[in-house]
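As structure tokens, the structure follows; a few thoughts come after it.
What's counted below: heavy atoms across the whole structure, side chains too, no hydrogens, waters or symmetry copies. Reminder, nothing fancy here: chain letters follow the sequence lines and each chain counts from 1.
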Protein chains: 2
Amino acid sequence: MADTARSAGSRAAGHRRHAERRPTMKDVAARAGVGLKTVSRVVNGEAGVSTDTERRVNEAITALGFRRNDSARVLRKGSTSSVGLVLEDLADPFYSPLSRAVEEVARAHGALLINGSSAEDPERERELVLALCARRVDGLVIVPASGDHRYLEPEMAAGVATVFVDRPPGRIEADLVLSDNFTGAREGVAHLIAHGHRRIGFIGDQPRIHTAGERLRGYRAAMAEAGLAVADSWVAPGGTDPQRVRADAARMLDGTEGTEPVTAFFSGNNRVTVALVRELAAPVRRERAVALVGFDDFELADLLSPAVTVVAQDPADLGRNAAELLFRRLDGADDEPRRVSRPTRLIARGSGELPPSL
Amino acid sequence: MADTARSAGSRAAGHRRHAERRPTMKDVAARAGVGLKTVSRVVNGEAGVSTDTERRVNEAITALGFRRNDSARVLRKGSTSSVGLVLEDLADPFYSPLSRAVEEVARAHGALLINGSSAEDPERERELVLALCARRVDGLVIVPASGDHRYLEPEMAAGVATVFVDRPPGRIEADLVLSDNFTGAREGVAHLIAHGHRRIGFIGDQPRIHTAGERLRGYRAAMAEAGLAVADSWVAPGGTDPQRVRADAARMLDGTEGTEPVTAFFSGNNRVTVALVRELAAPVRRERAVALVGFDDFELADLLSPAVTVVAQDPADLGRNAAELLFRRLDGADDEPRRVSRPTRLIARGSGELPPSL
DNA sequence: GCCACTTCTGACAACGTTGTCCAGCCCCTC
DNA sequence: GAGGGGCTGGACAACGTTGTCAGAAGTGGC
């Protein structure tokens, strides 16, 4: 009684920290005058507790501000009801809808999402993933930054369900959800060719990144199918740094010795597309209309002039599919790893339909 | 020996789940032929283990694929080295940099970030926050959706550090990081007035959301300071639904009985701004240039025509400040709750400098 | 009034880790 | 050679919860 009063008094201090030990089920039991297990039953909504006892326990719970300690629960039960998501950058407009979609599916399954950004650093990916494993997440959704995921073998053997998304895992078998990057890129480039372009530049990310490699492959395939040769200087797989993209674009637009200038660009992802749009909108570039098809949709693409034609992926759809694959495993499926391919969609808005000029 | 061979064999099955019990420190100890506590010492890098013993233990760890169970660790130590972040929508381009910034600060302090979206639903915010508390996060960063956070009192009393960001908490005292919404909005509207506008429409979110209310207050203050009356029909605090925003804008642009049409808009957030840009870009609207200043910056604002003048907040800066306040508390600070106000920045790009037409 | 049965409750062990404490060993010194 | 000190290793309890199992209390039938 005296104890309770003091407790309430110190709680009123509001911002004061480390004020008191957290009440446990034992404390609740003592206050309600019941056994420990009875409190556990009430907290977990188990049957077999009389209404009167239940009421007394609930009163004690609110009076003490008790909250079950999930660490102890996890230790006992073995499952955490949480899943981990590791991706490149939480703040990337491509990945944030993916992350949100995974969160929604997790929520529907009563699981919490813990996520982290690898910043495209293999070592950081590994650290994050292993930290999540140490916390005993039930499953993992990973957008790989690393090329070797054998470090996950013991974890997967121990029962951590793992799904890769957007890029395939390295040296390991696991569920996988990918956009059809190759076909998407091929169609995008074919679209430019269909509008009369013969000299098309490709600017994209480093081909060691799987998606980037596939898109480059799609570009080459479309050119080859149309019987068009690709000059070395038309391909810039150098990364997404805006300065660099603009420099690469400028070089292709101005032509080099022996190679004619390009009349269109196919861009490997949305960051490149945005940098390209900036370059093409620069005063010195405006005199000539250069066609552009970009991989990945982005907000306001339809409001630019010309509006930007894109090969769109649906990141939320990727995330949803990956999460569903994950919970399928968590529900007990243990058949062969699946590989899900999601189609892309060409959205013609104007920039990809400009005829060649020059 | 035989055991190990079998274990390796089953692990090779790769995708097979629930294959085997996870090894514990006890298993490692048995295999290395040492005591339990010695394994613990090696795992935690504690002193007092001979190099030879350490090597044996490490071999056993890799052979068994042991990974420390953090649930048990947390249960024993009391601290989780993780912080929670609850915001409105992870995928919102305003919040994702904030989230990322919190993640970076947490990482620098060796903590993991667990985050969730409240979807602007007070009940869901409460559920999420309490789930995080049950997991015994060390601290919380919250973008409130609810107007009453007294449910956090027992948690804060029990030592969960809590920082609110972007919006103030309801009926509770706690650390707080806010943009100076009022001043930002007032300056934005004053900017339009300085460029000759007298009839300015305001479209924003519901004023029960603190930031929205402050921005509306800033709008009214700027108008009042310039001696301009505000017609009821110029203010649409109805929310961010694009259809609705466009309808509100259309009504203000066409004028109503007794009220002249507006010549400029001040928009309450980036979602509204984008919807407005769409409406102003519609073919039927193009004949008349309407000025626009938006609260919140957004990608490509500079590439639209006209480029969009905005009052910019720095969401990453908000997140960083909030996280730093949080870790300050976790490091033991227990002075009065702080209230940090971050300035906004007016970025003139064109749309806000258009003169009144009509 | 007694037994069988149901309903409700509580004692106890276990989950995997870490902190405390003590024991054994080796080397050094007197 | 005995005693002291430093180093290494291990037994044990505790963290807060849940599953198991058995006991207590209440109910109905004979």
Holding to side chain to side chain donor-acceptor pair (under 3.5 Å), I want the full list of residues that pass it with Arg320(A), two or more places apart in sequence or in another chain.
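Not a single residue meets the side chain to side chain donor-acceptor pair (under 3.5 Å) criterion with Arg320(A).
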
Given axes from five pairs at either end, by how many degrees does the helix from dG1(C)-dC30(D) to dC30(C)-dG1(D) bend, rounded to 10°?
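Computed angle between terminal axes is 50°.
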
Could you pull out the protein-nucleic contacts involving nucleotides 25-28 of chain C (nitrogen or oxygen on both sides, under 3.5 Å)?
none

Strictly below 4.0 Å, heavy-atom distances to any atom of DNA chain D: list the hits from residues 69-79 of chain B, or just say none.
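Correct list: Leu75(B), Arg76(B).
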
Atom [atom1] of [X] to atom [atom2] of [N]: distance rounded to whole Å?
| X | N | atom1 | atom2 | answer |
| --- | --- | --- | --- | --- |
| Arg136(A) | dT17(C) | CZ | C1' | 11 Å |
| Asp52(B) | dC7(D) | CG | P | 18 Å |
| Met25(B) | dG9(D) | CE | P | 16 Å |
| Asp27(B) | dC15(C) | CG | P | 11 Å |
| Lys37(B) | dC22(C) | NZ | C1' | 14 Å |

Can you tell whether the side chains of [X] and [Y] come within less than 4.0 Å, N to carboxylate O?
| X | Y | value |
| --- | --- | --- |
| Asp70(B) | Arg67(B) | no |
| Glu59(A) | Arg55(A) | yes |
| Arg22(A) | Glu155(B) | yes |
| Asp27(A) | Arg31(A) | no |

Should Ile172(B) and Met156(B) count as side-chain neighbours, where that means a heavy-atom distance under 4.5 Å?
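With C-beta onward as the side chain, the pair touches.
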
Between Val143(A) and Tyr95(A), is there a side-chain heavy-atom distance shorter than 4.5 Å?
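Yes. Closest side-chain heavy atoms under 4.5 Å.
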
Does any pair with a residue in residues 96-146 of chain A pass ring pair (Phe, Tyr, Trp, His ring centres under 6.0 Å), and if so which ones, sequence neighbours excluded?
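Every ring pair (Phe, Tyr, Trp, His ring centres under 6.0 Å) pair that includes a residue of residues 96-146 of chain A, provided the two are not neighbours, is His109(A)-Phe327(A).
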
Any donor-acceptor N or O pair under 3.5 Å, side chains Glu103(A), Ser117(B)
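There is such a pair (donor and acceptor under 3.5 Å, judged by atom type) between the side chains of Glu103(A) and Ser117(B).
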
Table of protein N/O atoms under 3.5 Å from nucleotides 5-9 of chain C N/O atoms:
from   : atom 1 : to       : atom 2 : distance (Å)
dT9(C) : OP1    : Ser50(A) : OG     : 3.2
dT9(C) : OP1    : Thr53(A) : OG1    : 2.2
dT9(C) : OP2    : Ser50(A) : N      : 3.0

